[in-house]
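Scroll down for the structure; my scribbles are underneath it.
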Amino acid sequence: MPFTVATWNINSVRLRLPLVEQFLKDYAPDVLCLQETKCPDDLFPAAAFEALGYGHMAISGQKGYHGVATLSRRPLDIVEKRDFCGIGDRRHVSARLSAGGRSVLLHNFYVPAGGDEPDPEINPKFRHKLDFIEEMRSVRAGFDGESAAILVGDLNIAPLETDVWSHKQLLKVVSHTPIETEGLESMRAEGGWVDLMRAHIPPQERLYTWWSYRNRDWAASDRGRRLDHVWTSPNLVDDMREVEVLRAARGWERPSDHVPVITRFGFD
DNA sequence: ATGGTCGCAACGCGA
């Protein structure tokens, strides 16, 4: 089976456990990176995932907010649960696994949303988001002949004009302001990361992974944004076969406002 | 221009 990695902001792993179980049965990724688990580690539904073959987990959760978890069918070596901005938020976990004869370092991120007001002087949540992105510059896509890196997660920024339903109308809306989009893009490029979703789906094409709950008909209005991302070191780009955005998941019963993004590679 | 909906867990906050 070719190596497959999925990422999904689940917005409460306990509430949506049946959806995650169905997703794992139907799509069987080797690895699933979850964000916004909203679950302390001692209450994480590990047994349910173990029963489905995902016995290897890197969990970093907290009560009520944030939280990330990486579920895997392959052995994982937990590398780091890094406290970005030093305020104790559980927004990152990295783990190493073996794929395609390489040692792959996999980062799972949940970047702060940043609040409503896009002014760091008056909105501490926006200041925090910008600081978080700056600190992410130290996370680089190191690789050589035997190693590679993958960074996935809810980065809460839609960098391209085609990553939002209206570039013009969202220029002053947190997630698509120039200070965020330029910051994310420069951080990505300087870190040596490749935007794998856009390597597969041309930048001219509209692409969203999130649709607000505050819309009476998300599908008809289609006011989406691409907030979830898959980045890799350059030595994995030629091995990528497909990136699938599971738009249908937004229409499932009691859905998350984000949908899974599934990346398939050409090696085992 | 405004408000719209979720989840957690407490009647507000963060998204």
Side-chain angles (χ1 to χ4, degrees), chain A residues 7-21 23 33-45 48 59-69 83-92 108-120 122-133 152-159 163-177 179-181 184 208-229 247-261:
Chain A
T7 181
W8 193 8
N9 178 319
I10 196 62
N11 188 12
S12 175
V13 69
R14 284 177 289 174
L15 188 74
R16 270 178 260 287
L17 181 59
L19 288 188
V20 182
E21 289 177 315
F23 172 76
C33 294
L34 296 171
Q35 301 86 36
E36 276 206 273
T37 52
K38 297 186 175 178
C39 181
D41 292 353
D42 56 338
L43 297 176
F44 191 83
I59 303 162
S60 185
Q62 65 185 90
K63 183 179 173 179
Y65 303 99
H66 322 314
V68 292
D83 181 8
F84 285 79
C85 300
I87 55 174
D89 283 0
R90 311 295 193 176
R91 296 179 178 275
H92 167 262
N108 179 358
F109 269 102
Y110 174 51
V111 172
D116 288 332
E117 183 57 57
D119 181 349
I122 61 175
N123 176 9
K125 290 203 274 272
F126 196 65
R127 173 81 271 156
H128 177 217
K129 185 178 196 176
L130 299 181
D131 291 345
F132 195 102
I133 295 296
V152 304
D154 176 6
L155 305 187
N156 264 316
I157 296 173
D163 290 337
V164 292
W165 64 275
S166 168
H167 169 61
K168 201 177 164 188
Q169 285 179 256
L170 288 172
L171 270 171
K172 290 178 178 170
V173 173
V174 171
S175 74
H176 194 61
T177 65
I179 191 168
E180 294 169 85
T181 58
L184 187 76
Y208 315 138
T209 63
W210 172 90
W211 293 260
S212 173
Y213 284 126
R214 305 178 193 180
N215 215 310
R216 65 183 74 247
D217 190 338
W218 71 274
S221 55
D222 200 22
R223 295 186 167 189
R225 305 178 200 169
R226 182 171 73 109
L227 303 181
D228 303 275
H229 296 267
R247 179 185 167 104
R250 186 61 179 80
W252 291 350
E253 185 137 349
R254 293 203 80 186
S256 171
D257 44 355
H258 296 252
V259 299
V261 180

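Residue numbering restarts at 1 for every chain, and letters A, B, ... go by the order of the sequence lines.
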Roughly how many Å is it from CZ in A:Arg90 to C1' in B:dG14, rounded to a whole number?
18 Å
Does A:Asp222 come within less than 4.0 Å of A:Arg247, counting only side-chain N to carboxylate O?
yes
Pairwise P distance, B:dG12 and B:dA1 [rounded to whole Å]:
29 Å
Candidate list A:His66, A:His92, A:His229, test ring pair (Phe, Tyr, Trp, His ring centres under 6.0 Å), partner A:Phe109, passing option
A:His92
Proximal nucleotide (of B:dA15, B:dC6, B:dC8) relative to the A:Lys38 side chain:
B:dC8
Roughly how many Å is it from CD in A:Gln169 to C1' in B:dT2, rounded to a whole number?
14 Å
Rounded off to whole Å, could you give me the CG-to-P distance for the A:Asp217 and B:dG4 pair?
18 Å
note: A:Arg216, atom CZ; B:dT2, atom C1'; distance rounded to Å ~ 13 Å
Tell me yes or no: between the side chains of A:Ser175 and A:Glu180, is some donor less than 3.5 Å from an acceptor?
no
What pairs with A:Thr37 under side-chain hydrogen bond (donor to acceptor under 3.5 Å, both in side chains), at least two apart in sequence or on another chain?
none
Taking atom CG of A:Asp116 as the centre, report whether more than 12 heavy atoms of other residues, nucleotides or ligands fall under 6.0 Å from it.
no
Picking from B:dA9, B:dA15, B:dC8, which would you name as closest to the side chain of A:Lys63?
B:dA9
Please compare A:Gly64 and A:Asn156 by the position of their nearest nucleotide in DNA chain B and report the one closer to 5'.
A:Gly64
Starting at CH2 of A:Trp211 and ending at P of B:dA15, how long is that distance when rounded to a whole Å?
21 Å
Let's see if you can work this out: which of B:dG14, B:dA9, B:dG7 has an atom nearest to the side-chain heavy atoms of A:Arg16?
B:dG7
Mapping A:Asp116 and A:Thr37 to their closest nucleotides on DNA chain B, which lands nearer the 5' end?
A:Thr37
Can you identify which nucleotide, out of B:dG7, B:dG14, B:dG4, has its nearest atom closest to the A:His66 side chain?
B:dG14
Side-chain contact check for A:Tyr65: nearest option of B:dA15, B:dC13, B:dC6 is B:dC13
OP1 or OP2 of B:dG14 versus the side-chain N and O atoms of A:Arg91: is any pair under 4.0 Å?
no
Should A:Arg14 be listed as having a side-chain N or O under 4.0 Å from OP1 or OP2 of B:dG7?
no
